[in-house]
Amino acid sequence: MNVFELEQVSYVPNDHHVLDEIIMTVPAGDYLTITGPSGSGKSTLLRLLASLLTPTSGQLNFMGQPQSSYDKPTYRKRVSYCFQQPTLFGETVQDNLAFPFTIRGLPFDQLAASAALDKVDLTDRTLTQPIVELSGGEKQRVALIRNLMFPPEVLLLDEVTAGLDKETKTIVHRLIDDYHRQQLTILSVTHDDSELASATNMIEIRDGRLEGQHD
Amino acid sequence: MTNLIVSPLALSFAVTLVVIALIINWHERIGLEKDIIVGVIRAVIQLTVVGYVLTYVIKLDRGWLTGGMVAIILLNAAYNAGKRANKMPHAFIISGLALLVATGLTLCLLLVVGTIKFTPSQVVPITGMIASNAMIAIGLAYRSLAASFHDQRQAILERLALGATMKQAASKLVRQAIRMGMAPTIDSAKTVGLVSLPGMMSGLIFAGINPTKAIMYQIMVTFMLLAATSIGSVIACYLMYPQYFNQDLQLNHEF
Ligand SMILES: Nc1ncnc2c1ncn2[C@@H]1O[C@H](COP(=O)(O)OP(=O)(O)O)[C@@H](O)[C@H]1O
Ligand SMILES: [Mg+2]
């Protein structure tokens, strides 16, 4: 089963060739890393897959069906995108971890939140902490488990370890590896050598084109 | 109402008051002289024209003419409120609809319970009061929405990425905008009589009406403005915020 099938997917807003005729398939359970120079279109590719942008041409299938045939909120709960520089919202960490519950019409599960915080070496004392007091590494970890409060089928990670110290990087990589072992499909934009080593596949994007792809 | 007479001569002496404002402006180099002069001339011309039109409408006392005046007031208010939502699509239609419902409901209620009668001398000024307050409320709400969608763009994107519906992604900002629209009316309801004697009440007392009677009218006005500004802000905000999204539930780029 392929999670994603892309046929000549392009993103060309106002004649600006951001992504050009991408052809690729991502099998279920894959851990795919995406590399390439800054401005080459990596974030754009992830945002297309997350349905946060719509291809200007081409065919993008998720689980064998056109992406456009899915209800957006449902789709985005299945394909979860973690931003390059995430912003936490509200006042406290709990506001952020409660949001996935709120949008599902469920009461906030404090035990689940504590368990999630524990996985990234944060204590449940963090829950009541104002977000302005968090360090960059703490924010990034809260943002990541916000995407994982209800595990999606696909996790799209946009340079989530860039700029983190070595220790925090290890914590985040351990979490990602954990989810990969549980058959979660992961696409990760990264320049980190150790992450490239633990991935199962790798692609490179240059100037909006997939390296090694010929037309 | 015979104990108050403002003669044209008396009024022209009042021009000295405008001259004081002009001298202050000139002396302090505030630079609003032109605006003051334009404002004064416009006020005189507009009010004179409206005065003659109202006299005619009240004398004729025809239902269709009264309705026509109400329609003109609403269209003007919708145009002005829409301008404050600069560049947003459908701003005029949305503002018009919000104003129509807000003014219509409030006016109908006042007519049904018999607080006012369907005569031009009552319906036209009341409509003007309701529509102008609702217009200001809607304009403030639009400005708050635009500022929030700009400042909190990344937070909205994050919520959408987590699978929020349009309403779940924006409800905080919409509520804030409605609050902003209603704030002046609520503030003035709190201080009415203490800080300001509002226009209608002052006018009635000025014109020789018994203050206790004038107060009854002012209480009615306060209630109806609370109703009108809340109805207007709610409708305008709930119709306007989806304009910030495209059909794929993404944030529009232009705004
Ligand atoms: N809507 C758009 N219109 C024009 N250019 C865009 C648009 N979106 C992205 N770009 C440009 O596309 C390029 C790729 O961006 P991005 O995907 O963020 O690259 P990366 O994540 O690889 O650094 C950048 O040069 C960016 O400025
Ligand atoms: Mg990027």
Peer 1: Once the angle between the rings of A/Tyr70 and A/Tyr75 is folded into 0 to 90°, is it parallel (under 30°), tilted (30 to 60°) or perpendicular (over 60°)?
Peer 2: tilted
Peer 1: Tell me, side chain or backbone of A/Arg146 under 4.5 Å from chain B's heavy atoms, or both, or neither?
Peer 2: both
Peer 1: Here's one to test your reading of the geometry: is the NZ or CZ of B/Arg159 within 45 degrees of the ring axis of A/Phe89 and under 6.0 Å from its centre?
Peer 2: yes
Peer 1: With a 4.5 angstrom heavy-atom cut-off, could you sort out which part of B/Leu157 is near chain A: side chain, backbone, both or neither?
Peer 2: both
Peer 1: Could you walk me through whether A/Asp71 and A/Lys77 pass salt bridge (Lys or Arg N to Asp or Glu O under 4.0 Å), step by step?
Peer 2: CA-CA 10 Å; A/Asp71 167 63; A/Lys77 286 179 189 110; over 6 Å; no
Peer 1: Only pairs at least two apart or in different chains count here, so list each ring-ring contact (aromatic ring centres under 6.0 Å, His included) that has a residue in residues 10-60 of chain A.
Peer 2: A/Tyr31-A/His180
Peer 1: Quick check on the interface: out of B/Glu158, B/Gln154, B/Gln152, who has the most heavy-atom pairs with chain A under 4.5 Å?
Peer 2: B/Glu158
Peer 1: With a 6.0 Å cut-off on ring centres, are A/Phe83 and A/Tyr81 close enough?
Peer 2: yes
Peer 1: Given that the side chain runs from C-beta out, which part of A/Ser51 has a heavy atom under 4.5 Å from chain B: side chain, backbone, both or neither?
Peer 2: backbone
Peer 1: Answer with side chain, backbone, both or neither: which region of A/Pro86 has an atom nearer than 4.5 Å to a non-hydrogen atom of chain B?
Peer 2: both
